[in-house]
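Below is one structure, written out as structure tokens; the observations come after it.
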Amino acid sequence: MKSFTRNFAAAASFAALIALSTAMLIQPLRAAGAEDGTAKTPPMMDPAMRGHDQMPGMMQHHQRSMAGMQDQLPAGTVPTLPGQDAFGAIQEVIRILEADPKTDWSKVNLEALRQHLIDMNEVTLKADTEVKPVAGGIEVAVTGIGRTIEAIQRMVSAHAHEINLIRLNGWSANTEPLPNGATLTITASDPSEVQHIRGLGFIGILASGSHHQLHHLAMAKGEFTHTH
């Protein structure tokens, strides 16, 4: 009997506490309603709508939090790598375009740059090469399958054209199409350049020169494209 009495008393005290808390919450609402002539309890909002209404505020809070975090972190502790090379190359070009007041955004074509970067990835990582020495340099059969074949034919041809145009290191370049890629022949009359060419091999020749970055920017501006 005593146990029942104690339990009943505890339940009654808990119920009284709940009632008191509810009254304290309702009282300010009634007071506000009395001031503007309404005393209605606000209707319950649909949970989905409530989340939708709160979303902009949550996003702003997140942005402020991220900005504050960057301000508080010591120099050199904020990551700078974008996590993917092509993504980072496009980010860099965007920064250049946005910093240039002369950028004509009606001509900007970042998709063309993205497609070219895909070509670079295909040729650099997926192409097969067979190199043989020839008089004055090397001949390289560059082959692949699927998307890589098209990438090889675009990039090898374009790079050979650039080598001949600027006379890079005094080299001469020639290309011939293959059913599954292309043949690239690089030669020089200077014996020291012959050794240079053979030391570089296919990927070294493809990466030589500083024109790639300028071409990337020109592609993004819509001024230069490889045919896709």
Side-chain angles (χ1 to χ4, degrees), residues 79-129 131 136-144 147-178 181-190 192-228:
T80 58
L81 297 178
Q84 206 277 344
D85 289 344
F87 193 91
I90 294 171
Q91 271 192 337
E92 182 182 39
V93 167
I94 290 172
R95 285 194 295 269
I96 294 171
L97 293 176
E98 290 182 340
D100 184 359
K102 296 180 181 179
T103 296
D104 185 349
W105 290 98
S106 68
K107 295 181 180 179
V108 167
N109 189 351
L110 292 172
E111 180 59 23
L113 174 57
R114 187 177 80 90
Q115 291 298 325
H116 175 64
L117 294 174
I118 293 173
D119 277 358
M120 293 183 70
N121 191 73
E122 292 287 324
V123 173
T124 302
L125 301 180
K126 298 182 181 181
D128 295 318
T129 60
V131 182
I138 59 173
E139 178 184 283
V140 189
V142 190
T143 58
R147 173 73 161 75
T148 306
I149 297 173
E150 298 175 7
I152 290 168
Q153 292 172 345
R154 281 190 287 265
M155 285 201 59
V156 169
S157 175
H159 193 61
H161 172 76
E162 189 67 26
I163 287 174
N164 291 330
L165 181 67
I166 65 175
R167 296 295 298 168
L168 179 65
N169 299 323
W171 301 344
S172 295
N174 183 60
T175 63
E176 294 290 339
L178 294 173
T183 298
L184 173 66
T185 304
I186 304 290
T187 58
S189 56
D190 183 345
S192 64
E193 282 302 320
V194 174
Q195 294 305 315
H196 185 194
I197 289 169
R198 290 174 178 170
L200 287 171
F202 169 69
I203 194 59
I205 290 168
L206 200 66
S208 293
S210 58
H211 59 278
H212 296 280
Q213 292 86 340
L214 295 176
H215 283 177
H216 294 173
L217 183 58
M219 285 179 192
K221 289 183 174 182
E223 299 171 352
F224 175 88
T225 59
H226 286 310
T227 302
H228 288 277

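It should be emphasised that the depicted structure is a prediction, and the values quoted were computed from it without experimental measurement. For this chain, numbers begin at 1 and follow the sequence in order.
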Open item on the list: Determine whether a donor-acceptor pair (N or O, by modelled atom type, separation under 3.5 Å) exists between the side chain of Asp100 and the backbone of Lys102.
Closed with: yes
Open item on the list: Working note: Phe202 + Val123, criterion side-chain contact (heavy atoms from CB on, under 4.5 Å); need CA distance, chi angles, decisive distance, verdict.
Closed with: CA-CA 10 Å; Phe202 169 69; Val123 173; 3.9 Å; yes
Open item on the list: So does Leu117 get a backbone contact from the side chain of His216, meaning a donor-acceptor N/O pair under 3.5 Å?
Closed with: no
- [ ] Could you tell me whether the side chain of Gln153 and the main chain of Leu178 form a donor-acceptor pair under 3.5 Å?
- [x] yes
Task: Residue pair Gly136 / Arg198: nearest heavy atoms and the distance that separates them - done: N-NH2, 4.2 Å
TODO: Grab the two heavy atoms, one from Ala188 and one from Val194, that are nearest each other, plus how far apart they are.
DONE: O-CG2, 3.4 Å
Just list the side-chain donor-acceptor pairs under 3.5 Å for residues 80-96, sequence neighbours left out, or say none.
{"unit_1": "Gln84", "atom_1": "OE1", "unit_2": "Ala86", "atom_2": "N", "d": "2.8"}
{"unit_1": "Gln84", "atom_1": "OE1", "unit_2": "Phe87", "atom_2": "N", "d": "2.8"}

Task: Derivation and outcome, side-chain contact (heavy atoms from CB on, under 4.5 Å), residues Ser208 and Leu200 - done: CA-CA 9 Å; Ser208 293; Leu200 287 171; 3.7 Å; yes
Task: Residues which pass side chain to side chain contact (heavy atoms under 4.5 Å, CB included) with Glu139, listed by chain and number, not counting sequence neighbours - done: Lys132, Val134, Thr183, Thr185
Task: Separation of Asn109 CG from Met219 CE (nearest 0.5 Å) - done: 10.0 Å
Open item on the list: Once rounded to the nearest 0.5 Å, what's the spacing between atom OG of Ser157 and atom CD of Glu176?
Closed with: 10.5 Å
- [ ] Work out which heavy atom in Asp119 is nearest to a heavy atom in Ala151; give both atom names and the distance.
- [x] OD1-CB, 3.4 Å
Open item on the list: Tell me the closest heavy-atom pair linking Ala182 and Ile152, and the distance in Å.
Closed with: N-CG2, 3.8 Å
- [ ] Test side-chain contact (heavy atoms from CB on, under 4.5 Å) on Val140 and Ile205 and set out the steps.
- [x] CA-CA 11 Å; Val140 189; Ile205 290 168; 5.8 Å; no
Task: Atom pair CG (Leu97) and OG1 (Thr103), whose distance is rounded to the nearest 0.5 Å - done: 4.5 Å
Open item on the list: Ignoring hydrogens, what is the shortest heavy-atom contact between Val142 and Ala127? Give both atom names and the distance.
Closed with: CG1-CB, 3.9 Å
Task: For Ile149 against Gly144, the heavy-atom pair lying closest together - done: CG1-O, 3.2 Å
Open item on the list: I need the Thr175 OG1 to Leu184 CG distance, nearest 0.5 Å.
Closed with: 7.0 Å
- [ ] To the nearest 0.5 angstrom, please state how far the CE atom of Met155 sits from the CE atom of Met120.
- [x] 5.0 Å
Task: Spacing of Thr148 atom OG1 and Ile118 atom CD1 [to the nearest 0.5 Å] - done: 11.5 Å
Open item on the list: Can you see whether Glu193 engages His196 through a side-chain donor-acceptor pair at a distance of less than 3.5 angstrom?
Closed with: yes
TODO: Flag the pair His159 / His215 as yes when their ring centroid distance falls below 6.0 Å, and as no otherwise.
DONE: no
